[in-house]
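Everything on this sheet refers to the single structure shown next.
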Amino acid sequence: MFNIEKFDIKLDTELIGRSFILCDEVDSTNTYLMKDKNITLNGTVILAERQTKGKGRLARTWFSGKGLNLTFSVLLNRKKLFKNPGLTNLTTAVSLGTAIENLYQLKTELKWPNDVLINQKKVAGILIESAIQGPAISKMVIGIGMNVNQAVFHGEFRIEPTSIRNELGQNVEREKFLSEFFNIYEEYLETSIKKPEFILKEWRERCRMMGESITVTHGKGVKYGIFEDIDERGSLILRLKTRKEKIHFGDVSVS
Ligand code: BTN
């Protein structure tokens, strides 16, 4: 079972992870935070050892072996972040990549919009959901599924999965990773408000698809072009034959 004391001792944040809900089983940590109107404290975290209806991007399912990985969600209530959820998406991916590199010296790669890869295999995914009140966002829930100690993955996957354990050849402490991630995340969320170009630079440095011919799929739509860049809102800029187009949703692969 996840050990709160081990986690807490290395946590160096002001807000993120200071309010912590640990569950044995829940449908989805994202759904939990989205539904519960009484949880409003910025930085509240819910972590579940098992999700019965874990959600992935684009209405997919997220599977994770019980007690092996990290499946958790963070409530963000900072209004300044609501102005640019796409950038928060990139900030989350950059923070995960940095924490992995700091602790395990494994090189990470980021795949638009927010997959974290090691050796071209997916180690973590991010699902951001937001609640809207009137014309504005009233809260954001950042859901993260990180494969830590799972050795075997069953099923069919769009991108082959991996875990820290599989890449490193040994199990690692989930608590240590989570506190390292939150320490970086809290700092980088502030940076995304004050110095967004730093986050964009860190993201670009880890993205190997930039400049490549790519295929973008969303539902039944398919587009082909060159991955030119990302903009300050985290959208992908796709260079077509005669013009450029901004892509906000979808999956990308090298053509
Ligand atoms: C993706 O890559 O498709 C995103 C996966 C996000 C999974 C996490 S696990 C914790 C949180 N709760 C959910 O139901 N989903 C996210």
Side-chain angles (χ1 to χ4, degrees), residues 2 7 16-17 20-36 39 43-76 85-86 88-97 99-100 108-118 120-131 139-150 153 155-164 174-175 177-178 181-182 185 203 206-207 209 216-219 234 236 247-253:
F2 187 87
F7 157 76
I16 296 189
F20 197 101
I21 306 162
L22 177 59
C23 295
D24 197 37
E25 187 173 291
V26 76
D27 52 356
S28 146
T29 55
N30 263 37
T31 307
Y32 189 105
L33 284 185
M34 285 299 288
K35 271 194 190 155
D36 196 327
I39 304 177
T44 300
V45 170
I46 171 171
L47 182 143
E49 291 291 23
R50 180 168 178 263
Q51 297 185 115
T52 52
K53 281 192 188 144
K55 301 184 284 188
R57 277 180 61 240
L58 307 174
R60 297 185 179 116
T61 307
W62 183 263
F63 296 104
S64 179
K66 182 171 179 168
L68 294 171
N69 299 318
L70 287 168
T71 46
F72 63 100
S73 302
V74 184
L75 178 81
L76 293 182
T88 300
N89 216 348
L90 304 187
T91 307
T92 310
V94 166
S95 305
L96 283 168
I100 292 171
T108 59
E109 188 191 328
L110 302 180
K111 184 167 176 295
W112 189 88
N114 55 18
D115 291 331
V116 184
L117 314 183
I118 302 175
Q120 289 164 45
K121 289 167 277 175
K122 179 159 165 171
V123 71
I126 300 160
L127 174 69
I128 299 196
E129 295 185 84
S130 32
K139 70 174 177 188
M140 252 179 356
V141 170
I142 318 296
I144 296 169
M146 160 99 184
N147 299 329
V148 183
N149 288 324
Q150 187 162 338
F153 296 87
E156 274 181 30
F157 300 93
R158 203 172 42 87
I159 310 170
E160 188 186 342
T162 191
S163 60
I164 299 294
R174 292 183 297 159
E175 295 81 357
F177 179 80
L178 198 63
F181 167 64
F182 286 156
Y185 195 36
W203 195 91
R206 291 180 173 84
C207 175
M209 277 193 192
V216 185
T217 49
H218 187 224
L236 185 157
I247 307 285
H248 309 289
F249 306 100
D251 287 317
V252 297
S253 55

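For ligands, and for the atoms within them, numbers begin at 1 and follow the listed sequence. Since this is a predicted model, take the numbers as computed values, not measurements.
- No part of Thr31 comes within 4.0 Å of ligand 1, judged by heavy-atom distances.
- The closest side-chain heavy-atom distance from Ile247 to Val252 is not below 4.5 Å.
- Looking at Ser64 against ligand 1, nothing comes within 4.0 Å, counting heavy atoms.
- The nearest non-hydrogen atom to atom 9 (S) of ligand 1, considering only Met146, Lys122, Glu129, Gln51, comes from Gln51.
- Residue Lys53 has no nitrogen or oxygen atom sitting less than 3.5 Å from a nitrogen or oxygen atom of ligand 1, judged on distance alone.
- Of all atoms in ligand 1, numbered sequentially from 1 with element shown, those under 4.0 Å from a heavy atom of Phe72 are 10 (C), 11 (C).
- Summary of contacts: the protein heavy atom closest to atom 3 (O) of ligand 1 is Arg57 N, 2.7 Å.
- Of all atoms in ligand 1, numbered sequentially from 1 with element shown, those under 4.0 Å from a heavy atom of Gly54 are 14 (O).
- Using a 30° and 60° split on the angle between ring planes, Tyr185 and Phe181 fall in the parallel class, below 30°.
- Among all protein heavy atoms, the one lying closest to atom 11 (C) of ligand 1 is Thr29 OG1, 3.3 Å.
- Within the 3.5 Å criterion, the main-chain N or O of Asn30 finds a donor-acceptor partner in the side chain of Ser73.
- Neither the backbone nor the side chain of Asn114 has a heavy atom within less than 4.0 Å of ligand 1.
- Within ligand 1, counting atoms from 1 as listed, the ones closer than 4.0 Å to a heavy atom of Lys55 are 5 (C), 6 (C), 7 (C), 13 (C), 14 (O), 15 (N), 16 (C).
- Each of Glu49, Arg174, Gln150 was compared with Asn69 under the side-chain hydrogen bond (donor to acceptor under 3.5 Å, both in side chains) criterion, and only Gln150 meets it.
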Problem - Derivation of the side chain to side chain contact (heavy atoms under 4.5 Å, CB included) call for Leu117 and Thr108 - result: CA-CA 6 Å; Leu117 314 183; Thr108 59; over 6 Å; no
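- Checked against a 6.0 Å centroid threshold, the rings of Phe20 and Phe182 do not count as neighbours.
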Handout entry: Evaluation steps, side chain to side chain contact (heavy atoms under 4.5 Å, CB included), between Leu178 and Leu47
Key = CA-CA 10 Å; Leu178 198 63; Leu47 182 143; 3.7 Å; yes
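- Shown in contact with Ser73 at under 4.0 Å from a heavy atom are these atoms of ligand 1, numbered in order with element: 11 (C).
- Ligand 1 has no nitrogen or oxygen under 3.5 angstrom from a nitrogen or oxygen of Trp62.
- Residues Trp203 and Trp112 form a side-chain contact, since some pair of their non-hydrogen atoms from C-beta on lies under 4.5 Å apart.
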